[in-house]
K.L.:
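Questions regarding the structure given below will be posed in turn.
Fair warning: this is a prediction, and the values are worked out from it, not measured in the lab. One is the number of the first residue; the rest follow in order along the sequence. Read the numbers this way: they start at 1 and go in the same order the structure lists the ligands and their atoms.
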Amino acid sequence: MPPRRTALVTGSTSGIGHGIAEALARAGCDIVLNGFGDAAAIERERASIAQATGVKVRYENADMSKPADIEAMMKRVGEVDVLVNNAGIQHVAPIESFPPEKWDAILAINLSAAFHATRLAIPGMKARKWGRIVNIASAHGLIASPFKSAYVAAKHGLVGLTRTVALEVAEDGITANAICPGYVLTPLVKAQIPDQARTHGMSEDEVVQKVMLAEQPTRRFIEIGEIAALAVYLASDAAKSITGAALSIDGGWTAH
Ligand code: NAD
């Protein structure tokens with residue numbers, strides 16, 4: 001039997017992170033959930049994953065934009081064997097009217113939070129000679145789209161951080177990889193449809209068809225379960241030689 005491992009998934013109260021946390025629980029990891037939301041709903045979700053899978057599931061309310069919160073969470077959690085840096089936000093606006101406070105928040109949550117969680121998780125992983133870091137980047141970690149300056153900059157940064165960490169810990173039994181999804185219909189994407197419609201001067205339906213799915217040759221959204229399955233694989237022993245990779249799961253978008 002492999003040792004029971006603990007997985008921390010940031011931003012796992014919704015969307016992709018929630019799907020990854022559930023899948024890692026089914027794969028036998030104890031889980032630390034994190035993210036915002038209604039306290040009673042989060043508690044119901046925590047209990048339901050624990051009950052369905054038999055693993056330990058706890059919740060940490062750290063605000064990932066705050067390094068002090070991240071440090072306190074990492075101290076409380078202790079050993080983290082699988083770190084999934086997933087928490088993320090988006091804002092869509094032309095560069096000249098992009099609110100500086102949105103730039104700061106996106107860089108803090110989508111990039112700096114991964115730096116802080118990683119630097120704090122690595123010493124324990126090195127001591128145990130095993131670790132998995134899975135960064136949820138984006139197709140926008142590899143290519144750009146207009147009106148997403150902060151997001152594209154942060155996700156490109158996250159891919160660069162992934163590669164650097166992979167090189168530093170390659171001999172310690174630790175891998176670091178980035179998953180680069182195309183569009184997944186989560187609350188993060190649903191919320192940007194009205195903004196995109198305004199910015200592009202289109203209807204919301206046109207944004208879905210002509211902006212989002214036009215990028216994806218498969219012409220459909222990626223499903224959360226597809227990303228969760230890849231994260232579980234990257235967290236497994238079988239993936240021990242995959243490191244420093246930026247793995248696209250984007251319906252062919254970046255093959256263009
Ligand atoms: P989502 O909005 O459904 O979930 C985001 C999660 O992050 C939530 O749990 C939220 O509470 C949490 N979060 C936000 N700010 C936080 C903070 N300051 N501290 C702690 N938690 C915080 O979004 P999603 O679509 O599931 O996105 C998850 C990740 O996947 C993000 O990094 C996003 O950039 C990336 N991604 C999403 C898509 C997509 O199409 N949905 C595509 C590529 C990459």
Side-chain angles (χ1 to χ4, degrees), residues 8-23 31-39 41-42 45-46 59-74 83-92 101-102 104-114 116-117 134-145 148 150-159 161-162 178-193 195-196 207-208 211-213 215-216 218 220-228 230-231 246-251 253-254:
L8 165 62
V9 186
T10 70
S12 46
T13 52
S14 168
I16 294 168
H18 178 261
I20 292 174
E22 261 192 329
I31 300 293
V32 183
L33 297 171
N34 159 260
F36 297 147
D38 171 67
I42 292 171
E45 198 43 43
R46 188 205 63 73
Y59 166 69
E60 287 285 337
N61 69 354
D63 178 340
M64 297 303 292
S65 70
K66 300 191 171 136
D69 268 31
I70 300 172
E71 285 192 17
M73 171 177 73
M74 296 301 283
L83 171 64
V84 183
N85 288 306
N86 166 81
I89 58 167
Q90 173 63 288
H91 187 80
V92 179
E101 62 280 9
K102 292 283 185 197
D104 288 345
I106 289 174
L107 268 287
I109 297 165
N110 297 19
L111 178 57
S112 300
H116 291 295
V134 180
N135 292 328
I136 306 306
S138 168
H140 285 120
L142 304 171
I143 52 163
S145 295
K148 296 187 173 178
Y151 189 84
V152 169
K155 295 297 188 182
H156 274 65
L158 188 56
V159 170
L161 173 69
T162 307
I179 296 181
C180 298
Y183 282 105
V184 188
L185 199 55
T186 63
L188 178 140
V189 164
K190 285 181 193 154
Q192 67 181 273
I193 294 174
D195 282 350
Q196 291 253 35
V207 165
V208 170
V211 178
M212 295 179 165
L213 297 185
E215 306 279 17
Q216 291 182 187
T218 49
R220 53 172 178 73
F221 285 104
I222 317 295
E223 286 165 24
I224 290 172
E226 300 174 67
I227 298 165
L230 181 55
L247 297 155
S248 291
I249 177 160
D250 64 5
W253 178 355
T254 50

K.L.:
My understanding is that only residues two or more places apart in sequence, or in another chain, count here; which of them pass side-chain contact (heavy atoms from CB on, under 4.5 Å) with K190?
P.N.:
L185
K.L.:
In plain terms, say whether R46 and E22 are close enough for a salt bridge, that is, a side-chain N and a carboxylate O under 4.0 Å apart.
P.N.:
no
K.L.:
Answer yes or no: is there a side-chain heavy-atom contact under 4.5 Å between S14 and P187?
P.N.:
yes
K.L.:
Checking A41 now: which residues fulfil side-chain contact (heavy atoms from CB on, under 4.5 Å) with it, not counting sequence neighbours?
P.N.:
D38, R44
K.L.:
Tell me, which residues have any heavy atom less than 4.0 Å from some atom of ligand 1?
P.N.:
G11, S12, T13, S14, G15, I16, N34, G35, F36, A62, D63, M64, S65, N86, A87, G88, I89, I109, I136, A137, S138, Y151, K155, P181, G182, Y183, V184, T186, P187, L188, V189
K.L.:
Under the rule for side-chain contact (heavy atoms from CB on, under 4.5 Å), what residues qualify as partners of I109, not counting sequence neighbours?
P.N.:
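Partners of I109 by the side-chain contact (heavy atoms from CB on, under 4.5 Å) criterion, ordered by chain and then number, come out as S65, A87, I89.
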K.L.:
Using every non-hydrogen atom in the two residues, find where A137 and V159 come nearest and quote the distance to one decimal.
P.N.:
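Reported closest heavy-atom pair: CB-CG2, 3.9 Å.
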